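This one's a predicted model, so the numbers in the text were calculated from it and none came from an experiment.
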Amino acid sequence: MTFDDKQNMQIAYEQAQISYNEGGIPIGGCLVAEDGKILSRGYNQRVQKSSAILHGEMSVLENAGRLPGKTYKNCTMYTTLSPCDMCTGAILLYGIKRVVMGENETFVGGEDYLRSKGVEVVNLKDEKCRELMQKFIRENPECWNEDIGV
(Lines give C-alpha, C1' and ligand atoms only; values in the text may rest on other atoms or scores of the structure.)
Protein backbone atom coordinates (compact mmCIF):
# COMPACT_ATOMS: atom_id res chain seq x y z
CA MET A 1 0.00 0.00 0.00
CA THR A 2 1.06 3.55 -0.63
CA PHE A 3 0.39 5.79 2.32
CA ASP A 4 2.18 8.85 3.57
CA ASP A 5 0.87 8.92 7.11
CA LYS A 6 2.43 12.24 8.12
CA GLN A 7 1.24 14.03 4.98
CA ASN A 8 -2.28 12.64 5.31
CA MET A 9 -2.38 13.49 9.01
CA GLN A 10 -1.50 17.05 8.04
CA ILE A 11 -4.65 17.10 5.90
CA ALA A 12 -6.67 15.81 8.86
CA TYR A 13 -5.08 18.45 11.10
CA GLU A 14 -5.97 21.20 8.62
CA GLN A 15 -9.57 19.99 8.75
CA ALA A 16 -9.49 20.10 12.56
CA GLN A 17 -8.14 23.65 12.37
CA ILE A 18 -11.05 24.66 10.10
CA SER A 19 -13.50 23.36 12.70
CA TYR A 20 -11.67 25.18 15.48
CA ASN A 21 -11.67 28.42 13.47
CA GLU A 22 -15.45 28.04 13.00
CA GLY A 23 -15.93 27.64 16.76
CA GLY A 24 -16.31 23.88 16.52
CA ILE A 25 -14.63 20.86 18.06
CA PRO A 26 -11.21 20.49 16.39
CA ILE A 27 -11.30 16.93 15.13
CA GLY A 28 -10.59 16.38 11.46
CA GLY A 29 -9.95 13.52 9.13
CA CYS A 30 -9.61 12.20 5.64
CA LEU A 31 -10.23 8.94 3.82
CA VAL A 32 -7.38 7.77 1.61
CA ALA A 33 -7.58 5.05 -1.03
CA GLU A 34 -5.02 2.31 -1.47
CA ASP A 35 -3.30 4.25 -4.28
CA GLY A 36 -2.92 7.33 -2.05
CA LYS A 37 -5.81 9.30 -3.56
CA ILE A 38 -7.73 11.43 -1.08
CA LEU A 39 -11.37 10.32 -1.37
CA SER A 40 -12.79 12.67 1.23
CA ARG A 41 -12.00 15.20 3.95
CA GLY A 42 -14.10 16.35 6.84
CA TYR A 43 -14.25 17.74 10.34
CA ASN A 44 -16.42 17.67 13.42
CA GLN A 45 -19.48 19.85 12.88
CA ARG A 46 -21.51 19.13 15.99
CA VAL A 47 -21.41 22.78 17.06
CA GLN A 48 -21.69 24.36 13.62
CA LYS A 49 -24.69 22.27 12.51
CA SER A 50 -26.11 21.48 15.95
CA SER A 51 -25.67 17.83 15.04
CA ALA A 52 -25.50 14.87 17.37
CA ILE A 53 -23.60 12.71 14.88
CA LEU A 54 -21.29 14.82 12.71
CA HIS A 55 -18.08 13.82 14.40
CA GLY A 56 -14.89 14.15 12.36
CA GLU A 57 -14.90 10.61 10.96
CA MET A 58 -18.64 10.70 10.30
CA SER A 59 -18.17 13.94 8.36
CA VAL A 60 -15.42 12.30 6.29
CA LEU A 61 -17.75 9.41 5.42
CA GLU A 62 -20.63 11.79 4.66
CA ASN A 63 -18.43 13.88 2.36
CA ALA A 64 -17.26 10.76 0.51
CA GLY A 65 -20.81 10.25 -0.72
CA ARG A 66 -22.04 6.87 -1.89
CA LEU A 67 -19.10 4.70 -2.82
CA PRO A 68 -19.12 1.03 -3.76
CA GLY A 69 -18.63 -1.07 -0.63
CA LYS A 70 -15.40 -2.55 -1.94
CA THR A 71 -13.85 0.93 -2.16
CA TYR A 72 -13.65 1.22 1.63
CA LYS A 73 -11.93 -2.13 2.14
CA ASN A 74 -8.45 -0.91 1.22
CA CYS A 75 -8.73 2.63 2.57
CA THR A 76 -7.15 4.29 5.55
CA MET A 77 -9.16 6.61 7.80
CA TYR A 78 -7.02 9.41 9.20
CA THR A 79 -8.37 11.16 12.27
CA THR A 80 -6.75 13.64 14.61
CA LEU A 81 -8.17 11.93 17.71
CA SER A 82 -8.87 8.34 18.73
CA PRO A 83 -12.27 7.41 17.27
CA CYS A 84 -15.24 7.27 19.66
CA ASP A 85 -17.56 4.28 19.80
CA MET A 86 -19.89 5.70 17.14
CA CYS A 87 -17.06 6.40 14.71
CA THR A 88 -15.48 3.04 15.53
CA GLY A 89 -18.76 1.38 14.56
CA ALA A 90 -18.88 3.28 11.26
CA ILE A 91 -15.29 2.27 10.48
CA LEU A 92 -16.22 -1.37 11.08
CA LEU A 93 -19.50 -1.08 9.18
CA TYR A 94 -17.69 0.07 6.05
CA GLY A 95 -14.88 -2.44 6.45
CA ILE A 96 -12.08 0.12 6.65
CA LYS A 97 -9.01 -1.91 7.53
CA ARG A 98 -6.61 0.80 8.70
CA VAL A 99 -7.01 3.77 11.04
CA VAL A 100 -4.28 6.31 11.70
CA MET A 101 -4.92 8.70 14.57
CA GLY A 102 -3.09 11.82 15.54
CA GLU A 103 -3.24 11.12 19.26
CA ASN A 104 -5.02 9.31 22.06
CA GLU A 105 -3.64 11.09 25.09
CA THR A 106 -6.70 13.35 25.23
CA PHE A 107 -9.25 10.60 24.62
CA VAL A 108 -9.08 6.84 24.09
CA GLY A 109 -11.93 5.51 21.99
CA GLY A 110 -12.57 2.13 20.40
CA GLU A 111 -8.99 1.28 19.52
CA ASP A 112 -8.95 -2.12 21.22
CA TYR A 113 -12.28 -3.05 19.62
CA LEU A 114 -10.98 -2.05 16.19
CA ARG A 115 -7.89 -4.20 16.71
CA SER A 116 -10.02 -7.12 17.89
CA LYS A 117 -11.87 -6.92 14.55
CA GLY A 118 -8.65 -7.00 12.52
CA VAL A 119 -8.23 -3.27 11.90
CA GLU A 120 -4.68 -1.94 11.93
CA VAL A 121 -4.55 1.01 14.33
CA VAL A 122 -1.62 3.43 14.22
CA ASN A 123 -1.06 6.22 16.75
CA LEU A 124 1.24 8.95 15.43
CA LYS A 125 1.35 10.68 18.84
CA ASP A 126 1.24 13.98 16.98
CA GLU A 127 1.93 16.91 19.28
CA LYS A 128 0.07 19.45 17.10
CA CYS A 129 -3.10 17.36 17.24
CA ARG A 130 -2.83 17.03 21.01
CA GLU A 131 -2.11 20.71 21.55
CA LEU A 132 -5.06 21.86 19.43
CA MET A 133 -7.47 19.51 21.22
CA GLN A 134 -6.15 20.49 24.66
CA LYS A 135 -6.48 24.19 23.77
CA PHE A 136 -10.10 23.65 22.75
CA ILE A 137 -10.86 21.75 25.98
CA ARG A 138 -9.35 24.53 28.11
CA GLU A 139 -11.42 27.12 26.24
CA ASN A 140 -14.66 25.07 26.02
CA PRO A 141 -14.82 22.46 28.79
CA GLU A 142 -18.63 22.33 28.77
CA CYS A 143 -18.72 21.60 25.04
CA TRP A 144 -16.05 18.90 25.34
CA ASN A 145 -17.84 17.28 28.26
CA GLU A 146 -21.09 17.28 26.29
CA ASP A 147 -19.39 15.65 23.31
CA ILE A 148 -17.88 12.80 25.27
CA GLY A 149 -20.99 12.23 27.36
CA VAL A 150 -19.72 13.35 30.76
Side-chain angles (χ1 to χ4, degrees), residues 1-48 51 53-65 67-140 143-144 147-148:
M1 289 195 216
T2 306
F3 293 105
D4 185 337
D5 288 344
K6 289 189 187 256
Q7 180 181 349
N8 293 329
M9 186 54 65
Q10 179 61 32
I11 293 167
Y13 178 80
E14 289 165 3
Q15 294 295 301
Q17 188 68 57
I18 291 169
S19 186
Y20 179 81
N21 292 344
E22 292 178 353
I25 301 163
I27 301 169
C30 62
L31 186 66
V32 181
E34 185 174 27
D35 64 2
K37 179 182 177 190
I38 307 292
L39 298 177
S40 178
R41 304 164 197 246
Y43 55 88
N44 188 301
Q45 295 180 59
R46 289 188 65 256
V47 172
Q48 297 93 316
S51 171
I53 63 167
L54 272 178
H55 287 200
E57 300 90 335
M58 301 299 279
S59 175
V60 169
L61 292 168
E62 175 73 14
N63 291 338
L67 299 172
K70 65 181 180 179
T71 301
Y72 299 98
K73 306 295 186 228
N74 294 312
C75 287
T76 296
M77 173 68 78
Y78 290 86
T79 178
T80 55
L81 187 64
S82 179
C84 73
D85 288 344
M86 177 177 66
C87 296
T88 292
I91 288 164
L92 292 173
L93 176 68
Y94 287 97
I96 297 168
K97 294 296 183 196
R98 187 167 187 263
V99 174
V100 177
M101 69 182 117
E103 63 107 353
N104 70 350
E105 188 176 319
T106 303
F107 173 79
V108 178
E111 300 166 35
D112 288 341
Y113 190 57
L114 287 169
R115 286 185 192 99
S116 77
K117 296 295 188 178
V119 177
E120 178 186 357
V121 178
V122 178
N123 183 358
L124 295 181
K125 300 178 182 178
D126 187 284
E127 193 61 26
K128 287 190 323 186
C129 292
R130 190 188 67 75
E131 286 174 2
L132 182 59
M133 196 72 244
Q134 292 291 321
K135 180 180 177 183
F136 175 81
I137 293 169
R138 282 192 307 274
E139 295 170 350
N140 302 282
C143 185
W144 172 248
D147 193 48
I148 62 170

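- Taking the side chain to side chain contact (heavy atoms under 4.5 Å, CB included) definition, one finds that Asn123 meets it with Met101, Asn104, Lys125, sequence neighbours left out.
- With sequence neighbours excluded, the residues that form a side chain to side chain donor-acceptor pair (under 3.5 Å) with Glu127 are Arg130.
- Distance alone, capped at 3.5 Å, is enough to place a donor-acceptor pair between the Ser19 side chain and the Ile25 backbone.
- The two atoms that bring Met58 and Cys87 nearest to each other are CG-SG, 3.7 Å, heavy atoms only.
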Apply side-chain contact (heavy atoms from CB on, under 4.5 Å) to residues Ile91 and Leu114 and explain how you reach the verdict.
CA-CA 8 Å; Ile91 288 164; Leu114 287 169; 3.8 Å; yes

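- Put simply, CG on Leu31 and NZ on Lys37 are 11.0 Å apart, with the number rounded to the nearest 0.5 Å.
- For Val100, the side chain to side chain contact (heavy atoms under 4.5 Å, CB included) partners two or more places apart in sequence, or in a different chain, are Asp5, Met9, Thr76, Tyr78, Arg98, Val122, Leu124.
- Listed by first and then second residue, the ring pair (Phe, Tyr, Trp, His ring centres under 6.0 Å) pairs that reach into residues 87-109 are Tyr72-Tyr94, sequence neighbours excluded.
- Residues passing the side chain to side chain contact (heavy atoms under 4.5 Å, CB included) test with Asp112 are Arg115, sequence neighbours excluded.
- In Glu22, the CD atom is crowded: over 12 heavy atoms of neighbouring residues, nucleotides or ligands sit closer than 6.0 Å.
- Closest approach of Gly24 to Val47, counting heavy atoms only: CA-CB, 4.0 Å.
- A distance of 8.5 Å separates CH2 in Trp144 from CD in Gln134, rounded to the nearest 0.5 Å.
- Shortest non-hydrogen contact noted between Cys84 and His55 is SG-ND1, 3.3 Å.
- The two atoms that bring Ala64 and Ser40 nearest to each other are N-OG, 3.2 Å, heavy atoms only.
- One distance of note links CZ of Arg46 with CD1 of Ile27; it measures 9.5 Å at 0.5 Å rounding.
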The test is side-chain contact (heavy atoms from CB on, under 4.5 Å); show your working for Gln17 and Leu132 and say whether it passes.
CA-CA 8 Å; Gln17 188 68 57; Leu132 182 59; 4.0 Å; yes

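- Across every non-hydrogen atom of Pro83 and Val99, the tightest pair is CG-CG1, 4.3 Å.
- Each ring pair (Phe, Tyr, Trp, His ring centres under 6.0 Å) pair with one or both residues in residues 8-29, not counting sequence neighbours, would appear here, but there are none.
- Proximity of Asn8 to Ile38: side-chain heavy atoms (C-beta onward) are separated by under 4.5 Å at one or more points.
- No donor-acceptor distance shorter than 3.5 angstrom exists from the side chain of Ser82 to the backbone of Val108, with no hydrogens or angles considered.
- Side chain of Asn140 to backbone of Cys143: no donor-acceptor contact under 3.5 angstrom is found.
- Heavy-atom contacts from other residues, nucleotides or ligands closer than 6.0 Å to CD1 of Ile53 number 12 or fewer.
- Rounded to the nearest 0.5 Å, atoms CD (Gln10) and CD (Glu14) are 4.5 Å apart.
- The shortest heavy-atom contact between Leu61 and Ile96 is CD2-CD1, 4.2 Å.
- Taking CD from Glu57 and CE from Met77, the interatomic distance works out to 6.0 Å, rounded to the nearest 0.5 Å.
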Tell me, with the steps shown, if Leu39 and Val60 meet side-chain contact (heavy atoms from CB on, under 4.5 Å).
CA-CA 9 Å; Leu39 298 177; Val60 169; over 6 Å; no

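- Put simply, the side chain of Ser59 never gets that close to the backbone of Gly42: no donor and acceptor are under 3.5 Å apart.
- Counting heavy atoms from C-beta outward, Arg41 and Ile11 have side chains that approach closer than 4.5 Å.
- Between the CD atom of Glu103 and the SG atom of Cys129 there is a distance of 7.0 Å, given to the nearest 0.5 Å.
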